[in-house]
S.K.: 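Here it is, the structure in full.
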There are 4 protein chains.
Amino acid sequence: MENTAKEEKEMERRTDLAVEERELLGEDVKGVDYCEEEIEGLPIERLRIMTPRAGQLLKKPVGTYITAQLPPLTDSIRDTDRRVRALSQEIRRLLPVNGLVLVAGLGNIEITPDALGPKAASKVLATRHIPGEIARSTGLDRLRAVAVVNTGVTGQTGIETGELLQGIIKNIRPSAVIAVDALASRRLERLGCTVQISDTGIAPGAGVGNRRVRIDADTMGVPVIAIGVPTVVDALTLAYDLLEISDEKEGLALSDTVAPQGRSMVVTPKEVDLLIDRAAHLISLSVNMALQTELDTEDLLNLL
Amino acid sequence: MENTAKEEKEMERRTDLAVEERELLGEDVKGVDYCEEEIEGLPIERLRIMTPRAGQLLKKPVGTYITAQLPPLTDSIRDTDRRVRALSQEIRRLLPVNGLVLVAGLGNIEITPDALGPKAASKVLATRHIPGEIARSTGLDRLRAVAVVNTGVTGQTGIETGELLQGIIKNIRPSAVIAVDALASRRLERLGCTVQISDTGIAPGAGVGNRRVRIDADTMGVPVIAIGVPTVVDALTLAYDLLEISDEKEGLALSDTVAPQGRSMVVTPKEVDLLIDRAAHLISLSVNMALQTELDTEDLLNLL
Amino acid sequence: MENTAKEEKEMERRTDLAVEERELLGEDVKGVDYCEEEIEGLPIERLRIMTPRAGQLLKKPVGTYITAQLPPLTDSIRDTDRRVRALSQEIRRLLPVNGLVLVAGLGNIEITPDALGPKAASKVLATRHIPGEIARSTGLDRLRAVAVVNTGVTGQTGIETGELLQGIIKNIRPSAVIAVDALASRRLERLGCTVQISDTGIAPGAGVGNRRVRIDADTMGVPVIAIGVPTVVDALTLAYDLLEISDEKEGLALSDTVAPQGRSMVVTPKEVDLLIDRAAHLISLSVNMALQTELDTEDLLNLL
Amino acid sequence: MENTAKEEKEMERRTDLAVEERELLGEDVKGVDYCEEEIEGLPIERLRIMTPRAGQLLKKPVGTYITAQLPPLTDSIRDTDRRVRALSQEIRRLLPVNGLVLVAGLGNIEITPDALGPKAASKVLATRHIPGEIARSTGLDRLRAVAVVNTGVTGQTGIETGELLQGIIKNIRPSAVIAVDALASRRLERLGCTVQISDTGIAPGAGVGNRRVRIDADTMGVPVIAIGVPTVVDALTLAYDLLEISDEKEGLALSDTVAPQGRSMVVTPKEVDLLIDRAAHLISLSVNMALQTELDTEDLLNLL
């Protein structure tokens with residue numbers, strides 16, 4: 001009983017963002033390193049889970065979590081924006097200096113709030129197949145080898161995302177994987193506007209589907225950099241947070257009749273199409289810049 | 001001051017469904033006729049606003065509101081489902097017996113929760129242009145004349161939806177308009193699953209955009225049957241309803257910092273793509289059956 | 001008999017481009033003014049049909065036809081390209097200096113080679129609905145009033161495109177219409193790469209559907225500037241032109257069995273999606289620049 | 001020189017259909033078994049290449065080629081059509097009786113004439129992930145294990161289709177692969193209306209892109225059933241066939257100026273969107289019926 005209640009509360013407060021888990025714990029957690037800074041106008045939070053105990057508390061693996069806050073949707077962000085450049089530097093820092101990189105778009109292209117991964121990945125420049133001699137003759141010999149896949153979702157493929165990637169990785173042997181996926185957040189205002197970059201991999205479907213086998217260095221055999229943007233929020237989490245209900249008041253509030261349905265409902269803003277398109281565009285730009293260090297934005301746009 | 005607070009509360013409790021306004025007023029409203037019945041397995045509420053005073057209370061024009069509850073998304077509904085047939089009979093009853101009907105899809109095809117109107121209208125069989133002799137030779141002379149337009153949204157066209165329809169109506173002179181649009185509801189579980197049919201017309205963008213000039217018999221010069229399905233819910237309305245907060249408790253709950261943003265945010269379920277597709281499919285089937293009384297489902301599917 | 005054979009040959013040689021009709025006639029046609037020039041790197045042909053007799057020969061109304069040749073698809077064209085600027089100046093020259101302009105996208109968004117009109121129009125900035133005070137406060141008071149509609153196709157709406165536009169024009173009273181549509185050409189290599197701008201209006205569906213009532217100054221009551229890009233070619237026309245069969249040889253070549261089907265088939269290049277996307281992008285840019293003379297490309301991209 | 005001319009002629013006469021290669025050779029080819037029959041109203045050609053020599057002549061591997069002719073697009077085909085059932089029986093006959101089957105959609109979803117594979121595969125029911133106990137409790141224990149992937153194209157992934165499939169096959173160990181792809185034909189009237197089913201695998205991109213490593217039993221280690229529908233035709237092949245030019249006349253006809261471009265152009269009918277949608281629908285139905293032998297059409301539509 002006690003356990004179930006606890007579980008329930010966890011589910012209600014569900015988030016894929018390390019910085020939100022920290023907030024929920026009261027911000028000062030032992031074994032967690034945290035600082036904020038602003039780079040090129042982009043507010044960045046750096047969070048490091050240093051001990052397994054802290055990892056248990058934050059329900060996240062030991063590792064680095066970089067969280068950047070984008071301007072709201074109404075602001076226009078240019079392709080060449082220095083904030084995009086800042087994001088690309090954060091990604092680059094987590095990547096091996098050389099070698100093939102596999103970029104994997106996770107999620108379901110047909111479910112708008114879950115389409116971030118495939119939409120972002122489809123705009124990442126694949127170069128692995130361009131033969132050396134052609135690359136040299138066209139001046140593209142400075143390109144880093146990149147492969148790109150959209151994994152689809154298990155419900156449509158019958159294959160776990162991790163299983164699918166393992167097969168591909170065995171065959172093409174990348175030095176690292178970048179996995180892009182939609183996440184869940186506690187706060188409506190974060191949706192489409194927060195980017196979390198981490199070196200701890202990803203649990204596919206964590207944000208929008210069911211939790212499954214992790215995709216990380218342990219399971220894939222190579223470093224997995226995860227890039228995620230929250231696109232959904234649990235309806236009950238939203239309700240508690242909008243009304244700032246503290247733990248003591250919770251008991252009295254929750255309706256018996258509405259809750260069973262509301263509890264499992266996950267919502268997304270009406271503007272989800274725009275949020276997904278902007279976030280996918282920014283992530284693909286940042287990943288391209290992180291991977292192709294000798295090309296400028298103009299070169300990249302010409303190649304894509 | 002008093003007024004502003006009142007307005008705010010109204011906005012929080014915002015809904016386009018007459019039956020929800022009635023619920024909010026305590027269900028027993030003078031000048032409102034209400035009954036429930038089940039037709040072909042379809043739960044139907046019939047609400048009639050009979051006096052202007054009752055209309056003010058329910059914030060809806062005097063007229064008839066028929067509300068049907070569809071099964072949840074997980075249930076499959078067949079094309080030939082008797083529930084669809086029941087829906088078509090409700091629509092037919094509000095239409096003139098003869099004459100051209102103009103079906104108008106309202107909303108923005110590019111914003112998923114607002115795409116109901118265009119998606120439904122695009123599957124309605126247009127027949128007005130089929131010349132008599134061809135219709136006769138192909139056995140289609142039993143077809144009622146139907147014209148179909150997607151109005152787009154003012155932000156993209158620069159033209160008010162009502163203005164656009166007025167121009168078209170003047171030229172093609174229909175005997176009635178059927179306007180299909182996405183609505184707002186108070187309850188998450190209604191989204192995609194409730195259909196409201198009324199003879200009072202529609203305020204375009206009421207559900208998903210801003211309230212504008214009504215499209216009704218007064219402004220269009222012919223009867224306007226509105227068919228709507230709620231696809232979005234105001235975030236704060238959702239929070240209050242999920243937590244069943246009564247009026248007395250409201251004051252204490254609302255956070256100053258979160259509210260300004262949450263107040264204006266409108267959300268939709270993660271499964272919005274599926275909800276819209278199913279609802280658009282059901283409405284187009286029902287409208288086709290209501291208009292083409294001498295054709296059966298099979299005929300219609302062959303013609304489309 | 002004689003007539004039918006003549007008609008047939010005309011159909012075979014079918015084109016919506018005035019410059020191709022001129023070519024077919026041996027280039028030197030009385031009553032036709034023709035010159036070529038290059039503006040900002042863009043090869044431009046200026047053709048003027050000056051007499052009804054010349055119009056009959058070229059099967060086009062008396063008026064001005066400007067034809068520009070874009071680089072092949074493999075070349076990248078930048079948004080700010082001076083060639084786009086040249087195109088916008090040609091359009092502007094045909095427009096009245098002041099007053100509301102209605103931009104109409106003709107064609108079927110669901111049939112890729114016919115989607116040029118709706119795709120181009122949907123990226124044209126609509127401004128007619130922005131109230132004066134807001135425009136002034138946001139510095140947008142320099143915007144010319146623009147309305148934008150997608151007419152759909154008669155098969156889906158039951159309404160002739162011309163009829164639909166007449167209704168809208170009566171209501172919003174523009175000073176001119178710009179109609180964008182897909183055309184048919186004789187030559188595969190022109191598809192997606194030729195732009196014809198004329199002041200003689202358009203016959204909707206000429207390129208891809210059936211010929212219907214013209215949309216021009218006579219039928220609309222205001223000047224109609226037509227902008228078209230060929231996206232399809234008649235299969236038989238293609239065959240003759242690829243093989244450069246002259247009139248004398250025609251008789252012997254055509255197969256009895258294949259012809260009946262091939263004769264009515266219309267084809268488009270495999271890369272039609274890319275051709276349409278590029279052409280729609282270029283036309284929308286050019287139209288926006290032609291209409292909003294005080295904004296630069298950057299302003300426009302920010303507003304869209 | 002001689003060789004180049006020969007190659008050129010082959011390219012001109014390019015087709016992926018074994019029955020068309022046979023036609024070109026004069027129909028009576030040694031080592032080729034051929035018969036026609038009609039099953040459930042579906043005209044079917046059975047062609048068997050029995051010797052490597054015959055394979056060289058027909059430019060196809062030794063094996064079985066079943067070619068079915070669908071009615072033209074204007075005819076409606078019902079889901080439960082007996083012709084679809086006939087198609088499914090042809091597919092089933094080439095499959096192993098038991099074991100996991102991997103269905104692979106080949107091609108580029110963003111290029112309409114190349115989207116057949118991904119469109120068809122996305123409607124095939126994936127079942128491999130449904131755990132035994134759930135399957136039993138929901139009555140789905142009669143389902144055959146199926147996995148489904150869309151491979152994308154090398155230009156977007158940087159990975160050869162064959163390479164990608166090899167990695168997946170190693171991990172999930174299917175008993176057979178069904179690969180669906182768009183093909184090239186010699187005849188316009190075949191596009192979208194001919195289905196070729198073979199047990200010899202597929203050369204990805206043969207129809208619409210460049211020829212690459214074959215995907216067959218040799219390279220994949222398991223039987224590969226290929227299902228293809230022609231969606232494009234080479235422009236010059238089309239020209240020759242439309243005009244029924246025999247070999248002797250060829251030399252004189254081909255224009256020097258037009259040919260270089262026309263020669264490499266590949267075309268598709270204007271109605272390509274409809275052709276692809278219908279063909280993808282029919283193939284997915286047939287594959288589902290072939291794989292799930294104990295379910296009827298209604299069950300399948302409910303599960304999808």
Side-chain angles (χ1 to χ4, degrees), chain B residues 100-105 108-110 118-119 121-131 134-135 140 143-174 204-205 209-210 212-213 219-220 284 291-292 303-304, chain C residues 100-105 108-110 118-119 121-131 134-135 140 143-174 204-205 209-210 212-213 219-220 284 291-292 303-304:
Chain B
L100 172 67
V101 174
L102 172 62
V103 178
N108 187 343
I109 187 93
E110 289 169 26
K119 285 208 168 181
S122 72
K123 287 188 225 151
V124 171
L125 183 69
T127 59
R128 177 178 171 270
H129 59 298
I130 304 174
I134 288 180
L140 298 183
L143 290 179
R144 181 171 192 166
V146 174
V148 180
V149 289
N150 281 327
T151 61
V153 290
T154 306
Q156 293 186 324
T157 62
I159 309 175
E160 286 267 349
T161 304
E163 218 177 346
L164 191 76
L165 287 176
Q166 279 168 340
I168 296 167
I169 287 167
K170 258 186 244 169
N171 252 36
I172 70 170
R173 310 216 157 271
N210 296 317
R212 296 173 187 276
V213 178
T219 54
M220 298 297 123
S284 64
L291 291 168
Q292 307 302 350
L303 285 167
L304 281 162
Chain C
L100 172 67
V101 174
L102 171 63
V103 178
N108 187 342
I109 186 92
E110 291 168 26
K119 285 209 168 180
S122 73
K123 288 189 225 149
V124 171
L125 185 68
T127 58
R128 176 177 170 272
H129 60 298
I130 304 173
I134 287 179
L140 300 183
L143 290 179
R144 180 169 194 169
V146 174
V148 179
V149 290
N150 281 326
T151 61
V153 288
T154 306
Q156 293 186 325
T157 62
I159 310 174
E160 285 267 348
T161 304
E163 220 179 344
L164 191 77
L165 287 176
Q166 278 168 339
I168 296 166
I169 287 167
K170 260 186 240 166
N171 252 35
I172 70 170
R173 309 216 156 271
N210 297 317
R212 296 171 187 279
V213 178
T219 55
M220 299 296 124
S284 65
L291 291 168
Q292 308 301 350
L303 286 168
L304 281 163

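A, B, ... follow the sequence lines: proteins, then strands. Residue 1 opens every chain. For clarity, every value in this text was computed on a predicted model and none was experimentally measured. Just so you know, these numbers use all the heavy atoms, side chains as well, and skip hydrogens, waters and symmetry mates.
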S.K.: Looking at Q156(C) and V148(B), what are the two nearest heavy atoms and their distance?
M.R.: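 For Q156(C) versus V148(B), the nearest heavy atoms are O-CB, 3.6 Å.
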S.K.: Need one label for I159(C): side chain, backbone, both or neither, based on atoms under 4.5 Å from any heavy atom in chain B.
M.R.: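 Both parts, backbone and side chain.
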S.K.: To the nearest 0.5 Å, what is the distance between OG1 (T157(B)) and CG (L102(C))?
M.R.: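 Nearest 0.5 Å value for the OG1-CG distance: 10.0 Å.
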S.K.: Can you see which heavy atom on A126(B) is nearest to which on G155(C), and at what distance?
M.R.: CB-O, 4.1 Å
S.K.: Distance from N150(B) atom CG to I109(C) atom CD1, nearest 0.5 Å?
M.R.: 11.0 Å
S.K.: Excluding sequence neighbours, so at least two apart, what forms side-chain hydrogen bond (donor to acceptor under 3.5 Å, both in side chains) with N108(C)?
M.R.: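 N108(C): no side-chain hydrogen bond (donor to acceptor under 3.5 Å, both in side chains) contacts found.
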S.K.: Who are the side-chain hydrogen bond (donor to acceptor under 3.5 Å, both in side chains) partners of E163(C), not counting sequence neighbours?
M.R.: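 With sequence neighbours excluded, E163(C) shows a side-chain hydrogen bond (donor to acceptor under 3.5 Å, both in side chains) to R128(B), given in chain and number order.
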S.K.: Go through the atoms of Q166(C) and report whether side chain, backbone, both or neither lie under 4.5 Å from a heavy atom of chain B.
M.R.: both
S.K.: Counting heavy-atom pairs under 4.5 Å with chain C, which one of V149(B), N171(B), V103(B) comes out on top?
M.R.: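 Option with the top pair count is N171(B).
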